[in-house]
Amino acid sequence: MLRPKARKPRGFPDRSGAELIAERLMLERIGKVYESYGFAPLSTPAFEYTDALGKFLPDVDRPNAGVFSLQDDDEQWMSLRYDLTAPLARYVAENMDALPRPYRRYAVGTVWRNEKPGPGRFREFTQIDADACFAPPPHADAEIIMMFIDALSAAGVDDKDVEIRLSSRKVMTGLLEIIGLDPEDKGRSGTVLRAMDKYDRLGPDGVALLLGEGRKDESGDYTEGAKLEPGQIDSVLRFMEGGDMAEALSANRIGAEGTEELAQIISTLTELGYGERVKLDPSVIRGLDYYTGPVFEAELTFDVENEKGQTVQFGSVGSGGRYDGLIARFKGQDVPSVGCSVGVSRLLTALKSKSALPEPVSPVVVLALESDQMPRYHRMAKALRAEGIAAEVYLGGAGMKAQMRYADKRGAPIVVICGEDERANDQVTIKDLRAGKAASENIESREEWTEERPGQETVAADQLVPWVKDRLM
RNA sequence: GCCGCCUUAGCUCAGUUGGUUAGAGCGCUUGAUUGUGGAUCAAGAGGUCCCCCGUUCGAACCGGGGAGGCGGUACCA
């Protein structure tokens, strides 16, 4: 007989216990921050029509490039959402007249990307976004950035452990114009921007290669360059090396507009006490044909270790920016909008390496020793639950030893034992498993082992709840 | 997509210059208590040595092809 192999599709994580509990807590805290700024929750479906997501793929060779797509029974292509912003744009366009302006909402959800998974990089992950639509710069941008910072704090990131790097697409456009490139020329300008994005990792020399002929990396892969003239390359590098942005761009209309916006945002942030956390950084690029104004990302400043104990470059745990043209795709009219997104899965991974996640609560286990006494066991569990103590009755007909082993594997702090003897005397035996675990560390002989019953006590039946409560709280 | 590494027990991995029954640690099962987990001890179960083709008297090992995994890089809303 041919049996299917039990295996998980690659890039899709199984997650359990402590991680899920930590994630729930994080989402709750961030959501509260968003709500405190007046953002209301909105949930949209996992699927959208492919054209609404902004990918015009079908009929092309690979309808699943980048996203997961399928055809509905009416032949229309649908795709799993790859972020929460594109669905928001669709929602706003569809409900344009009914929404207040500005419209503020936040969204929590799973998103999917059909691409090669890497370390710490999955094809399914969770994001929590907040966006303000019909919200012109620069004040909406300043508000979003403050909220973004508050959200990260609430998620458990120490102020000193994170830095917000800020730049602006308008500034980039200005720079491209100044060196004589057409910002609309997605090919060439895109290559330049992508090269600048790698400044952190490759340094000025690597970026210079990518701006010029091209670059071959250590693994032997070759990346085609932007083929700029030496003078142009020099301009870009001088710009990145932190000259005065405003001065460099003053002659260029859109560039000057960008620097002015950034200055106002920084000024507001500084006045509100967020100035320390934000740094201008021209190597922040983000999505290429998406953002139209300020862009920012949150970078962790501490080292993150992977499972093998190696220090890894972690990258950003959240980002955002202004996208004035996204809704215009539907309505032909620009809707100034700005938003931010926290990558919950990545942030959890990072925090996990820094501090232990809370252990999930394991229940008290009530052993099922006499099969005709099940209602009695259920009554005990119910009484414990009534006091807020997680409790379960063992299910199945295994012997006592197996039940004890189960309780141990389960991580139960306490087991409740009520067999024939206890029942006859209207008593229960309660055993604190944690005591035995502690004692087992320094026990040598088997005799010592079996004689001792650490943490175990037989008490009157009505003392069950108080005894357990006393031990657990 | 491109480059490199890897694939032997449930897990982590040894191994053989090609030669009978392929190993360890951990885990698992059973026992040392007819009602006691976790330490300790003893016994036991568990493998198409990734797949296919070839070379050979003989292949887990050598050659070719394929698949899967890992890492880097590119792309990334």
Side-chain angles (χ1 to χ4, degrees), chain A residues 5-11 53-55 62 65-67 79 81-89 111-121 123 127 129 190-191 194-195 197-198 201-202 206 210 214-224 285-291 295 306-308 310 312-313 315-316 319-321 323 326 339 341 365 367 369-370 399-423 429-456 458:
Chain A
K5 197 171 169 190
R7 61 200 186 116
K8 179 175 68 60
R10 72 193 196 122
L53 284 183
K55 290 260 177 189
R62 299 148 65 206
V67 299
S79 299
R81 63 186 179 201
Y82 51 78
D83 71 6
L84 297 174
T85 312
L88 169 70
V111 304
W112 295 268
R113 295 185 186 179
N114 188 6
E115 55 193 23
K116 186 190 145 191
R121 188 169 172 174
R123 298 204 285 175
Q127 290 190 331
D129 286 27
T191 307
R194 278 192 291 273
D197 191 40
K198 297 182 177 64
R201 194 155 43 81
L202 303 180
L210 286 173
R215 175 178 182 275
K216 190 174 179 177
D217 64 61
E218 310 92 62
S219 70
D221 197 10
Y222 183 74
T223 311
E224 193 67 25
I285 301 294
R286 308 303 308 169
L288 251 42
D289 36 29
Y290 199 90
Y291 291 118
V295 287
N306 65 12
E307 292 110 19
K308 290 171 189 159
Q310 304 163 309
V312 293
Q313 273 227 337
S316 90
S319 64
Y323 48 95
L326 205 56
S341 174
V365 171
L367 300 195
L369 297 178
E370 300 179 283
M400 181 169 180
K401 198 183 180 75
Q403 296 193 32
M404 287 297 293
R405 248 197 315 260
Y406 165 80
D408 182 56
K409 193 168 240 168
R410 195 82 171 66
I414 289 171
V415 293
V416 177
I417 303 164
C418 183
E420 205 177 342
D421 300 348
E422 286 88 350
R423 184 165 53 81
T429 296
I430 313 167
K431 177 163 182 161
D432 190 329
L433 293 185
R434 299 166 303 180
K437 189 158 222 127
S440 71
E441 310 285 321
N442 35 28
I443 285 188
E444 298 283 315
S445 77
R446 207 179 112 60
E447 284 62 40
E448 202 181 342
W449 186 247
T450 46
E451 304 272 308
E452 283 196 36
R453 294 258 160 95
Q456 179 167 333
T458 299

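So you know, we letter chains A, B, ... as the sequences are listed, proteins then strands, and number each from 1.
The side chain of A/Arg194 sits closest to B/C75 out of B/U73, B/G37, B/C75. Here B/U30 is the nucleotide among B/A77, B/G35, B/U30 with the atom lying nearest to any side-chain atom of A/Arg405.
Comparing the same atom, P, in B/C11 and in B/C5 gives a spacing of 25 Å after rounding to whole Å. Annotation: B/A39 and B/U21 have their P atoms spaced 37 Å apart (nearest Å). Going from the P atom of B/G15 to that of B/A24 covers 15 Å, rounded to whole Å.
The pairing partner recorded for B/U56 is none, the criterion being a Watson-Crick or G-U wobble arrangement whose two distances lie under 3.5 angstrom. When both distances must be under 3.5 Å, the Watson-Crick or G-U wobble mate of B/U21 does not exist. Base pairing of B/G44 is made with B/C28, judged by Watson-Crick or G-U wobble geometry with both donor-acceptor distances under 3.5 Å.
Judged purely by atom type and a 3.5 angstrom limit, A/Arg215 has no side-chain atom pairing as donor or acceptor with the backbone of A/Leu210.
Enclosure of atom CD in A/Glu370 by more than 12 non-hydrogen atoms of other residues, nucleotides or ligands within 6.0 angstrom is indicated.
Within the structure, a side-chain polar atom (N or O) of A/Arg201 is placed less than 4.0 Å from OP1 or OP2 of B/U73. The phosphate of B/G37 (OP1 or OP2) has no side-chain N or O of A/Lys437 nearer than 4.0 angstrom. Distances shorter than 4.0 Å separate none of the side-chain N or O atoms of A/Arg423 from OP1 or OP2 on B/G35.
Taking CZ from A/Arg434 and CG from A/Asp408, the interatomic distance works out to 13.0 Å, rounded to the nearest 0.5 Å.
The aromatic ring of A/Tyr82 stacks onto the base of B/A77, its centre lying under 5.5 Å from the centre of the six-membered base ring with the two planes under 30° apart.
For the pair A/Lys116 NZ and B/C75 P, the computed distance is 13 Å after rounding to whole Å.
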